[in-house]
Structure formats: C-alpha cells, structure tokens
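Data block below; observations after.
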2 protein chains.
Amino acid sequence: MLKEERQNYILGRIRELNKVKSNELALELGVSEDTIRRDLNQLSHNGLILKVHGGALSTHQKLYHYNESSVFNRENKVILAKKVVSLFKDGMTIIMSGGTTNLEVSLLIPDNIKLTIYTYSLSIAMQLTEHPNVDVIIIGGKLDKQALVTVGVNVVKLLSKIKADLCIMGTSGIDVDEGITEVGYEVSFVKRVMIASSRQVVALVTADKLNTTQRYPVCDLFEISKIVTDLDPNDPLLIPYAKKGIEII
Amino acid sequence: MLKEERQNYILGRIRELNKVKSNELALELGVSEDTIRRDLNQLSHNGLILKVHGGALSTHQKLYHYNESSVFNRENKVILAKKVVSLFKDGMTIIMSGGTTNLEVSLLIPDNIKLTIYTYSLSIAMQLTEHPNVDVIIIGGKLDKQALVTVGVNVVKLLSKIKADLCIMGTSGIDVDEGITEVGYEVSFVKRVMIASSRQVVALVTADKLNTTQRYPVCDLFEISKIVTDLDPNDPLLIPYAKKGIEII
DNA sequence: GATAATTTTGCATGAATTTGCATTTTTATA
DNA sequence: TATAAAAATGCAAATTCATGCAAAATTATC
C-alpha cells in the first residue's frame, strides 16, 4: 500500500468519524504506529487534520461557536422562525436584515433548499456558512461592533442594486397607524432601501413589538405583504393588522 | 476517547446547559473526576469556560465564540503575531488577508491603539469587534464557506479603490526565486490587488512555508518590504531573503 | 532492466503526556 | 463550627511521542 493511498484512507476515515486513533489505524492498515504518526503529522502539517495526543481530529471543527443561551426570548423567536422558513422556495433570492430572530431563521433553513441570501449581518453570514445549499453574499461596509452589522453609504448603495424575491425584515416597532419604525436613523434608512429592492416584504414581529412605535419611520403598513409573529395568527391583537389586508402567519 | 474529543464534548454540554458538574461529567464520560477537573481547568485557562467549585459555567455572553484549540500550530502563530502587532502605529490604515495567523494578529492588537482595518475575512472581522479602537471595514462579496472569506470580482473592485499604509498578508508559499505563491487562483489574484493598494507589504511566513512553492504566483520578493516569521530573525534559513534586501522580523 | 539515489518504514531509546489514586487542603453549607 | 464534597498535590503506571538509524521499498536515470 502506497503512502498516499494510506493517507487518503486516513482522511476518509476522519471525514466519516471526525476522529482517528493512532493505534487503531495501525491495526487497520497493518503498519506500525510510527508510520501512522508520521502520516498524521504530515497531514496536520498541510492543515488537513488536527493532530492531537493519541490520534487526530477533523479540522472542520468550527472556528466559531454559536451560543444559543445568549439569545433573549429564544423560544418565541424559534416559533416565529419556523413559520418564516416555510415561505422559502427553491431558487429564491432573499435579503435578510440583522437581529437574533433572523439568526434563528438562518439556523432553521432545511438543508435541501437552494437559496441566494444577501445579508449585512456578520452573525447571519457566519451561521449560513453551515448550510450546504445557500449562497451567501455579504454586503460590505463599516462594521457596527454592537449590532454586528455593516452600515454606511456603501451598504445603501449595494442594497439598492439588488433585486430580491423576498425581504425578511426584523422590526423594532410596529403600529397600525405609524407603520414600522426603528430605533436608529441609519437602520431605518437601510431598511427603506431593502424594501425598495424586494418584490415581497415579510416583517418579523415578536409579540412585544406589536403596537409600539420607535423614533424613526421605516414604512407604512401597506408596503409590507406579510407579518410573521410568534402568536396564533387569529390572536385578537393581530386583527387590526389583518384588516389592513396584510397576511398574518 | 481522545482528550480533545472529551473537552469538545464538555464545551458542547456547557453551551447547551450553561453549566456542568464534575461528578456528572465523570459518570457520563467514564473517566475519573480528576480527569474532568483537569479538563475544566484547561478549558478555563483558555478562557472558554468559567471554572467554579463543583463544575463549570458558560462564560460568554457573546453570540459567537472563537475556538482557539482548532487552530493548527497555534503557538508559532502567536509568536509571529506578536511581532506583527509591533508594526502597528496609531492611525494606520491596514489591509488584512484571511487565515488563522492573521486571526491571531487581530487577537493581539493592544487595546489603546487606533486603527482602520479592511478585511474580507469573516473570522477576523468578528474578532476585531472586540477591539475598542479599531474601525473595521468588511469587504463584501460572495462568501467562500470553507475559508470564511469573501471572493469574486466585487472584492477585487473594492480592494483596488483602497489606499492603505500596511498590508498584512498570510502566505501559502515563499521562495527566493519564485517569490510568493498561492494554492488557489482566486486568492492569488486578490492578493495581487491587495499589494497594489498598500504602501508597505508585510508577509506572514511560518517556518514550514519557507522555500515552498505553490501553483499560482502572487508577487516577486522585491515587492514586499518585510517578512515576519516565527523564527529568530538571524536564523540561517532566512539569510537568502535578507540578502534580497527584505527586512526580516 | 540494472543500478544509484531517494524515500519510506520499523525498531530502539529516552522523553513527554495522560490518567487514576492516595493524601492533604480548601470550600460550601447546614 | 462541624461535616461532606471538591480541589490541590505528589506520585506511579500506561501510553504516546520524537529521534536517530539501518533495512526495505520506491523512484529516477542510464
């Protein structure tokens, strides 16, 4: 058995098990542990695996880890996110805003669906790298370290050139009369551009945002086509919105 | 079960439960409590968890956490990274390429230094959000999920418009005659543009990359001004490069 | 195809790592 | 303060590792 052949076998083994032990490989392949060690060192040297005492691990261990417990009100956001992903159809081009609700959405996209997603959120982009069939396009610009999103004129300029099927937009405030409003001016501006670039707008609204108003206006209710909440679609709180002709999910 | 495997399990457990108890882990994993304690101490030492009497707690309120143990050859990269940050002066504009060496650099930038950093690496951008005085500008584009960097024509177009003081560039191969070379065509192209946009180019070279050549040429040696390695600057391996007039650090 | 050069492999040695246990010290809590 | 659980410490056994070296296998060259 050739060296390369053996090393390919080891790589395959690591891909399937995520780890290998030197002594087991030596037995499996009928060579000395020294040889295995040398193989592992070479593979590790090429960055293909991670050598550890006693064997090796897959390097495909994530460099960054998502910390579920730091998401506020997570259960409700998951309920909401599940409804959102049901709107996704194969081949769609989608713009996603930032926020932890959208982050949950990106976690729940089924593996088999093919999408192109534009986002200016670092966290969402990071999360989407785990999805096998989503093409991610990051909208670059100056990074807001607090919100982990890019902001500024470049973001607006880039967004305005996109043509998307769907805009999945987190909200800070929504009200029957005032429409959708935002805390920050910059974000409100970006969201207006997102809306203009999308055929359909879906507003993500957790119950605590209903009937609240923030400082900066984003858009009137008639500009959005769907509201997704963590409530039952027939909840009385939602009736005024349904009456405006918006589909409630 | 390998030690690292066990520690990964513990980390996973903490992520999902927010806390673990030593005695329970010992039972779950079939090892002594001493071993668990040693694991917890090591993880705690790396800042990944918070060790407490009886077990450990999750530390990070952060949404994403950097996993140091998955970086290959980390000790040497840290040595190298320390030298790199010594080149940073207040007010500089810097372009940083991707790669784990540069990731270590971004970890080690002193808090008091003010910089503007352009990067197309998601991991580096994420890391830099922890720095109080660095303005981060993300170069957007299609995301390469493997390398966690943006690629494509947009990246090139945006890079070519930047004027930076310093370009901190990871390398895949460097050779006295062949200059700097890269594994992938796309990356080699991006690096050429980075170089053209910077007043000074600093090449990051771990010892194992010295005198190796990859498939795609990036630039000749005379185009770079400094080489930073994890070796002693007077190491005989580096003499041929010094003779070409490149400063070795 | 023969021969030389190079690479690969297995083994011996001592060093280093990992682990569990016994003992002592510290901590949490009633 | 008393008590039990947990932690620190030192130690020994088992395993793994790095290194040098010679034999074996592979590759290159004629």
Side-chain angles (χ1 to χ4, degrees), chain A residues 1-14 17-59 61, chain B residues 1-14 17-59 68-79 175 206-208 210-213 230-231 235-237:
Chain A
M1 182 178 232
L2 262 42
K3 186 178 77 150
E4 310 229 324
E5 209 179 333
R6 197 177 52 235
Q7 297 196 347
N8 279 334
Y9 176 86
I10 295 175
L11 285 176
R13 221 59 187 133
I14 291 185
L17 301 172
N18 269 325
K19 70 147 186 181
V20 289
K21 292 205 214 174
S22 307
N23 55 1
E24 290 175 359
L25 281 176
L27 209 65
E28 265 171 66
L29 294 165
V31 293
S32 74
E33 288 192 32
D34 296 79
T35 301
I36 296 295
R37 257 194 288 281
R38 275 186 276 243
D39 284 339
L40 294 182
N41 280 330
Q42 283 167 23
L43 293 171
S44 166
H45 198 263
N46 295 333
L48 297 171
I49 64 174
L50 182 68
K51 177 85 188 69
V52 298
H53 192 95
L57 303 172
S58 164
T59 39
Q61 320 253 135
Chain B
M1 184 176 230
L2 300 169
K3 187 179 74 148
E4 283 75 9
E5 207 185 346
R6 198 177 52 233
Q7 297 193 348
N8 281 336
Y9 176 87
I10 296 175
L11 284 176
R13 220 63 185 128
I14 291 184
L17 302 172
N18 266 331
K19 67 162 183 183
V20 289
K21 291 198 203 177
S22 307
N23 54 2
E24 290 175 358
L25 281 176
L27 209 64
E28 264 172 67
L29 294 165
V31 293
S32 73
E33 288 191 36
D34 296 79
T35 301
I36 296 294
R37 259 195 286 281
R38 275 186 276 245
D39 284 340
L40 295 182
N41 281 331
Q42 282 167 25
L43 293 171
S44 165
H45 195 263
N46 292 333
L48 297 173
I49 63 173
L50 181 67
K51 178 84 188 69
V52 296
H53 195 91
L57 304 172
S58 163
T59 49
E68 298 182 342
S69 58
S70 66
V71 175
F72 166 68
N73 199 2
R74 179 158 181 267
E75 297 72 22
N76 293 334
K77 288 178 177 167
V78 171
I79 294 172
D175 183 274
T206 47
D208 53 305
L210 276 172
N211 305 322
T212 67
T213 306
D230 48 342
L231 302 172
D235 193 289
L237 272 170

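Note that the structure is predicted; figures quoted are calculated from it, not measured. Lettering of chains follows the sequences in order, A, B, ..., and the numbering in each one begins at 1.
Proximity of L210(B) to L231(B): side-chain heavy atoms (C-beta onward) are separated by under 4.5 Å at one or more points. Residues H53(A) and K3(B) are not in side-chain contact: their nearest non-hydrogen atoms beyond the backbone lie 4.5 Å or more apart. Contact annotation: the side chain of N23(A) never approaches that of L27(A) to less than 4.5 Å [non-hydrogen atoms, C-beta and beyond]. A 4.5 Å side-chain heavy-atom check between V31(A) and M1(A) finds every atom pair outside the cut-off.
The distance between atom CD of E4(A) and atom P of dT26(D), rounded to the nearest whole Å, is 13 Å. Following rounding to the nearest Å, L29(B) (CG) and dG20(C) (C1') show an atom-to-atom distance of 15 Å. The interatomic distance linking E24(B) (CD) with dA6(D) (C1') rounds to 14 Å, in whole Å. Between the P atom of dT15(D) and the NZ atom of K21(A) lies a distance of 11 Å, rounded to the nearest Å. Computed from coordinates, the K3(A) NZ to dT8(C) C1' distance equals 8 Å when rounded to whole Å. When rounded to the nearest whole Å, the span between CG of N41(B) and C1' of dT17(C) equals 17 Å. M1(A) places its CE atom 13 Å from the P atom of dT26(D), with the value rounded to the nearest Å. Rounded to whole Å, atom P of dT19(C) lies 11 Å from atom CD of E5(B).
In this structure, D39(A) and I36(B) both approach DNA chain C, and ranking their closest nucleotides by distance from the 5' end singles out D39(A). Nearest-nucleotide assignment on DNA chain D puts the 5′-proximal partner with G54(B), out of G54(B) and G55(A).
In this structure, the nucleotide among dG20(C), dA6(D), dT18(C) sitting nearest to the side chain of E33(B) is dA6(D). Here dT26(D) is the nucleotide among dA7(D), dT26(D), dT17(C) with the atom lying nearest to any side-chain atom of L2(A). Side-chain atoms of D34(B) lie closest to dG20(C) of the nucleotides dA6(D), dG10(C), dG20(C). In the set dG20(C), dG10(C), dC17(D), the nucleotide with an atom closest to the side chain of T35(B) is dG20(C). Nearest to the side-chain atoms of R6(A) among the listed nucleotides dG20(C), dT18(C), dT9(C) stands dT9(C).
The base of dG10(C) has none of its N or O atoms less than 3.5 Å from a complementary donor or acceptor on the side chain of R37(A).
Using a 4.0 Å heavy-atom distance criterion, K51(B) is classed as a sugar-phosphate-only contact.
Look at N23(B) and you won't find any side-chain N or O under 4.0 angstrom from OP1 or OP2 of dA5(D). For dA7(D), neither phosphate oxygen OP1 nor OP2 lies less than 4.0 angstrom from any side-chain nitrogen or oxygen of R38(B).
Minimum heavy-atom separation, I14(A) to A56(A): CD1-CB, 4.1 Å.
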